[in-house]
Amino acid sequence: MGLSLDGLASGLDSTTLINSLMQVEAIPQALLKNKASATQTMISALQELNTKVAGLATLSKDLSAPEAFQKFTATSSSESVAISVAEGATSSSLDIVVGQLATSQVTVTGPVTEWDTTDFTITSAGQNYAISAASTSLEDVITAVNASDSGVKAVKFDMGDGTYRLQFTAAGSGAENAFSLSRTSISGTQTSAAQDAEVTLWAGSAAEQVISSPTNTFVKLLPGTEITVSKVSTEPVTLVIASDPEATAGQASSLVDKLNGLFEFITANSSVSVGTGGSTRGMIFTGDSLVRSVKQRITDAAIMPINGRSPSEIGISITRQGTLEFDEEKFSAALAENPSAVRAILATITSRVHAVSDELSDQYDGGITSRIKGQESTVDRLNEQISDWDRRLDKREAILKRTYAALEVQLSNMNAQQSYLASQLASLPSTKEK
């Protein structure tokens, strides 16, 4: 016979055929997976964008506070008086004379070997504190004192002759932390008195005023300042608080840098690259209307005129590349000429930028946030479809395997029949013509 079922059967590889067919069947699922992956990449890019916009919202909110661009520097004519500025400071100057420093009370007992009682009293800051020691041993007395709420600490010193002297020290300085011991016959010597720090303002004039503090730091002497004294003075120490244009320029520059960081991120992810043969490939944000709107709205908030005045007048301008440029020299000159006008322009810019960036990045209904949620829903739907295709492909593969298994059985039967017929034909007697 001319037909060879053995050859047909041997040339049939069911596993290869099924795999080839399943690859064709899985093409729609592969397309869904590619789309899900691309959407997830977009989500990641949008989340990074949202983080940058939210960071801009936080910075612009901080800078929109009235005192944000009112920066001051403080100087002292003496190293013994340190001054620092904080929120609420204003330009001013003041002469002070340091009359005394704040000290803590220290009381030392005479030589003793043990305490005279297990129960005594420490009076501190107008309150009585009962001290109950486990015994009259000095160790137990010290333990009881240090464990109390009196604000007094005790320690012993070895005199080398079998006796000890106990030192009691107030935890805090100032007259309000003075203390005394009662209900004990052991006497003590005060080696350091509890006293407040004192400074004199306008010394030698009719307006002379003494100000005290329980510590060596005065926090209300001048608005927005902290003054710390470390040495008594006889001559006045001059303190000067002046505006700090460099710090103000630094605040404005930080806003421009933050804006440029956002713009550069958007531009880098919106560019189009040209490959060999003139083919083009866009980045993740190329042609995206939302991202384009984000950049345009924030740019407008930063550079649009304010009461007819352009921010470029104070050194903030936009370049041809779509980024902002900060001219510190021009800014400083404008600030020196009219500080209130410059601060008003900056306050408006920061308020506008904050309003836009906060709206876009709001964690509940911000424009970027809503887009991210929509993309996440798309990924969820695609993943559901991919899972459906997994089940569908599993069923299809099972059908193909059953089909090809049955086909192999049929081929095996046909091969058997072919062998039988071939043997029967071979056994027939042959005839030859004479």
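Quick note: numbers below take in every heavy atom, side chains included, and nothing from hydrogens, waters or symmetry partners.
No donor-acceptor distance shorter than 3.5 angstrom exists from the side chain of S76 to the backbone of L239, with no hydrogens or angles considered. Although no hydrogens or angles enter the test, the distance criterion places a donor-acceptor pair under 3.5 Å between the side chain of S357 and the main chain of V353. Between the side chain of S370 and the backbone N or O of G367, no donor-acceptor pair lies under 3.5 Å. Side-chain atoms of T103 come within 3.5 Å of backbone N or O of A193 as a donor-acceptor pair. Under the 3.5 Å distance criterion, the side-chain polar atoms of S270 are left unmatched by any main-chain donor or acceptor of T267. Judged by distance alone, with hydrogens and angles left aside, the side-chain atoms of S254 form a donor-acceptor pair with the main-chain N or O of Q251 at under 3.5 Å. Formation of a donor-acceptor pair under 3.5 Å by the E208 side chain with backbone atoms of G204 is found in this model. The backbone N or O of S173 lies less than 3.5 Å from a partner atom in the side chain of N177, making a donor-acceptor pair. Listed for the S192 side chain is a donor-acceptor partner under 3.5 Å among the backbone atoms of S104. A donor-acceptor contact shorter than 3.5 Å links the side chain of N383 to the backbone of V379.
Every residue was checked against the side-chain hydrogen bond (donor to acceptor under 3.5 Å, both in side chains) condition with Q385, not counting sequence neighbours, and none meets it. By the ring-ring contact (aromatic ring centres under 6.0 Å, His included) test, F331 is found to be paired with F326, residues two or more places apart in sequence or in another chain being considered. The ring-ring contact (aromatic ring centres under 6.0 Å, His included) test applied to F120 returns W115, not counting sequence neighbours.
Between the CD1 atom of I298 and the CD1 atom of I266 there is a distance of 6.5 Å, given to the nearest 0.5 Å. Once rounded to the nearest 0.5 Å, the distance linking CG of L166 with OG1 of T109 reads 5.0 Å. Atom OG in S150 sits 9.5 Å away from atom CZ in F168 (nearest 0.5 Å). Summarising the geometry, atom CZ belonging to R165 is positioned 6.0 Å from atom CE belonging to M159; distances are rounded to the nearest 0.5 Å. Going from atom CG of L201 over to atom CG of L221 covers 5.5 Å, rounded to the nearest 0.5 Å. The CD atom of E25 lies 7.0 Å from the CH2 atom of W389; values are rounded to the nearest 0.5 Å.
Two residues are said to be in side-chain contact when any heavy atoms from C-beta on lie closer than 4.5 Å; I314 and L346 meet this criterion. The shortest side-chain heavy-atom distance between V108 and F157 does not fall under the 4.5 Å cut-off. I241 has its side chain out of reach of S91: every pair of non-hydrogen atoms, C-beta onward, lies at least 4.5 Å apart. Contact of the I368 side chain with the V291 side chain is not registered, since no non-hydrogen atoms from C-beta on lie closer than 4.5 Å. Residues L21 and Y404 have side chains in contact (heavy-atom distance under 4.5 Å, counting atoms from C-beta outward). Using a 4.5 Å cut-off on side-chain heavy atoms (C-beta onward), F285 and M42 make contact. The shortest distance between side-chain heavy atoms of I43 and E376 falls below 4.5 Å. Using a 4.5 Å heavy-atom threshold, the side chains of I349 and L63 count as separate.
Within 6.0 Å of the CG atom in D161, the count of heavy atoms belonging to other residues, nucleotides or ligands exceeds 12. The number of heavy-atom neighbours closer than 6.0 Å to NZ of K295, taken from other residues, nucleotides and ligands shown, is above 12. Summarising the local packing, CE of M304 is surrounded by 12 or fewer heavy atoms from other residues, nucleotides or ligands at distances under 6.0 Å. A 6.0 Å sphere centred on CD of E235 holds no more than 12 heavy atoms belonging to other residues, nucleotides or ligands.
Residue pairs meeting the salt bridge (Lys or Arg N to Asp or Glu O under 4.0 Å) criterion with at least one member in residues 113-137, sequence neighbours excluded, do not occur. Sorted by first then second residue, the salt bridge (Lys or Arg N to Asp or Glu O under 4.0 Å) pairs that include residues 352-367, not counting sequence neighbours, are R297-E359. Applying the salt bridge (Lys or Arg N to Asp or Glu O under 4.0 Å) test to every pair with at least one member in residues 147-159, sequence neighbours left out, gives these pairs: E139-K156.
In the model, T238 has a side-chain atom that pairs as donor or acceptor with a side-chain atom of D95 under 3.5 Å. T90 and S92 share no side-chain donor-acceptor pair at under 3.5 Å. In the model, T228 has a side-chain atom that pairs as donor or acceptor with a side-chain atom of T217 under 3.5 Å. Counted by atom type alone, S60 and K258 present zero donor-acceptor pairs between their side chains at under 3.5 Å. Between the side chains of R381 and T378, at least one donor N or O sits under 3.5 Å from an acceptor N or O. A donor-acceptor pair shorter than 3.5 Å can be found between the side chains of T123 and N128. Counted by atom type alone, D390 and Q29 present one or more donor-acceptor pairs between their side chains at under 3.5 Å. Inspection of the Q23 and N19 side chains reveals no N or O donor paired with an N or O acceptor under 3.5 Å.
Closest approach of P111 to T163, counting heavy atoms only: CB-OG1, 3.7 Å. The two residues K330 and E313 make their nearest non-hydrogen contact at CE-O, 3.8 Å.
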Could you walk me through whether T348 and R309 pass side chain to side chain contact (heavy atoms under 4.5 Å, CB included), step by step?
CA-CA 12 Å; T348 301; R309 298 188 63 181; over 6 Å; no
Does the side chain to side chain contact (heavy atoms under 4.5 Å, CB included) test come out yes or no for F69 and V342, once each step is laid out?
CA-CA 9 Å; F69 292 102; V342 172; over 6 Å; no
Verdict with reasoning, I186 to L181, per side chain to side chain contact (heavy atoms under 4.5 Å, CB included):
CA-CA 9 Å; I186 297 177; L181 279 66; over 6 Å; no
Evaluate L255 against L56 for side chain to side chain contact (heavy atoms under 4.5 Å, CB included), listing each step before the verdict.
CA-CA 8 Å; L255 176 63; L56 177 62; 4.2 Å; yes
